[in-house]
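Some notes on the structure that comes next.
Proteins come first, then strands; the chains are lettered A, B, ... in the order of their sequence lines, and each starts at number 1.
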Amino acid sequence: MPELPEVESIRCQLEPLITGKTIIKGHSFPSKKFSQAKLASGFHVQTVKRRGKYLLINLDKELGGKIKLKELIIHLGMTGSVSIAKEKTDDPYVRAQWQLNDGQILLFRDIRRFGRIAVVNPNDYKSLPTLNNIGPEPFDPNLTAASFHKSLSSSRSHIKTKLLSQRIIAGLGNIYADESLWRSHISPVARRIGKDRSESLLISIREVLSEAIKNGGTTFRDYRTPDGLTGKNQHNLDCYGRAGKACNKCSSILKNRIVGQRSTTWCPQCQIS
DNA sequence: ACTGTAACCTGCAGGC
DNA sequence: TGCCTGCAGGTTACAG
């Protein structure tokens, strides 16, 4: 599914399309994962933000002279995408849709249904445990090499598992975790790493993510931005998806194994524990 | 509290 | 061509 760069690309495109619009009515596919879509009915879109891989849409509505605030949360799962349509669709994979006051429809499409919709009080994320316990944004200036190293040291699991957990740093998924570890010469099954290597990993994460954002995200299968276009970052990957091919640094053959239930590619020569 | 694992879904590519 | 198997970018509930 979309990781931070893909969600950020979507957020950028979506923001000017729906900011200031009113949601007349929300509908959803009959599943608990999407049924809260209708709770956004009658609200007005203030802003479109992102936290990790979550899209956060701030909503407000006037009720009896008072302003009521809500937050519409969209998580795209593995195969989710959002788009704007002019007319109703019979696409069977649309899991939620919101009729806007300008006649357009905001669609959430998700083939595998790993995505999720929630409407909550602002900043009340207890129904979404991962978001509720999410770590700092990768580009947060308060995230330093020292604080990153301290968070990494608090757990004994594989470093790749820690990166995917969202609790130490927000927004990394399987692609960018493998890319960042490759770039910083760290084995995905390392458990403890020193201060210098933590700093090098943080630098690599920031580089990998900024390049991916600049390239509009990585497209393998389903990922599309609201304008229907694909990203270009798949041409910029050194590690993910290259098992059996030569390492771009040392020419050894990249290997693949399962780490933390996820397919993991790494270079056994230059990535060390 | 922490860690690891199964489960949730559907489509697609590859092997026979 | 058709069937079967394994695989895919994530999160959550639950067991130990």
Fill in the blank from the handout: The Watson-Crick or G-U wobble partner of C:dG6, with both key distances under 3.5 Å, is B:dC12

Completion exercise
A:Arg113 CZ to C:dA8 C1', in whole Å, measures 17 Å

Problem - Over-ring placement of A:Arg112 relative to A:Phe114, 6.0 Å and 45° cut-offs - result: yes

Problem - From C:dT12, C:dG9, B:dG4, nucleotide with atom closest to A:Ser157 side chain - result: B:dG4

Handout entry: N/O (side chain, A:Lys32) to phosphate O (OP1/OP2, B:dC8) under 4.0 Å
Key = no

Practice task
Using a cut-off of strictly less than 4.0 Å, decide whether A:Arg262 has a side-chain nitrogen or oxygen near OP1 or OP2 of C:dG9.
Solution key: yes

Exercise for the section: Determine: side-chain N/O of A:Tyr240 to OP1/OP2 of C:dG9, distance under 4.0 Å, yes or no. Expected result: yes

Problem - Selection from B:dT10, C:dT11, B:dG4 that lies nearest to any side-chain heavy atom of A:Ile111 - result: B:dT10

Practice task
Counting heavy atoms from C-beta on, name the nucleotide in B:dG4, C:dT12, C:dG9 closest to the side chain of A:Glu3.
Solution key: C:dG9

Practice task
For atom CD of A:Gln269, decide whether the heavy atoms of other residues, nucleotides or ligands shown that lie under 6.0 angstrom number more than 12.
Solution key: no

Practice task
Measure the distance from CZ on A:Phe29 to P on B:dC9 and round it to the nearest whole Å.
Solution key: 9 Å

Exercise for the section: Could you check how far CD of A:Glu179 sits from P of C:dG9, rounded to whole Å? Expected result: 13 Å

Exercise for the section: Mark yes or no: A:Lys61 above the aromatic ring of A:Phe43, with NZ or CZ under 6.0 Å from the six-membered ring centre and no more than 45 degrees from the axis. Expected result: yes

Handout entry: OP1 or OP2 of C:dT11 under 4.0 Å from side-chain N/O of A:Gln166
Key = yes

Handout entry: Side-chain (A:Arg95) to main-chain (A:Ile111) donor-acceptor, under 3.5 angstrom
Key = yes

Practice task
Could you tell me the separation between the CE atom of A:Met78 and the P atom of C:dC7, rounded to a whole number of Å?
Solution key: 13 Å

Exercise for the section: May I ask you to verify if any side-chain N or O of A:Arg112 is less than 4.0 angstrom from the OP1 or OP2 atom of C:dA8? Expected result: no

Handout entry: Rounded interatomic separation in angstrom, taking CG from A:Leu164 and C1' from B:dG4
Key = 14 Å

Handout entry: Partner nucleotide, any strand, of B:dC2 [Watson-Crick/G-U, under 3.5 Å]
Key = C:dG16

Problem - Distance below 4.0 Å between A:Arg116 side-chain N/O and C:dT11 OP1 or OP2 - result: no

Handout entry: Option among A:Leu202, A:Ile203, A:Leu201 that satisfies the side chain to side chain contact (heavy atoms under 4.5 Å, CB included) test with A:Glu199
Key = A:Ile203

Handout entry: Given A:Glu15, A:Glu3, A:Glu137, the one that forms salt bridge (charged side-chain N to carboxylate O under 4.0 Å, His left out) with A:Arg50
Key = A:Glu137

Handout entry: Contact under 4.0 Å: A:His75 side-chain N or O vs C:dT11 OP1/OP2
Key = yes

Handout entry: 5'-most by nearest nucleotide on DNA chain C - A:Ile258 or A:Gln261
Key = A:Ile258

Handout entry: Short side-chain N/O contact to B:dT3 OP1/OP2 from A:Ser155, under 4.0 Å
Key = yes

Exercise for the section: Rounded off to whole Å, could you give me the CD1-to-P distance for the A:Ile168 and B:dC2 pair? Expected result: 11 Å

Exercise for the section: Name the closest nucleotide to the A:Arg191 side chain, picking from B:dT10, C:dG9, B:dG4. Expected result: B:dG4

Handout entry: Integer-rounded Å distance: C:dT12 P and A:Leu76 CG
Key = 13 Å

Handout entry: Side-chain N,O (A:Lys53) to OP1/OP2 (C:dG10) below 4.0 Å
Key = yes

Problem - Nearest listed nucleotide, side chain of A:Tyr54, among B:dC9, C:dT11, C:dG9 - result: C:dT11

Exercise for the section: Establish, with yes or no, whether the OP1 or OP2 oxygen of C:dA8 is under 4.0 angstrom from a side-chain nitrogen or oxygen of A:Ser263. Expected result: yes

Problem - Value in whole Å for how far the P atom of C:dT11 lies from CD1 of A:Ile74 - result: 15 Å

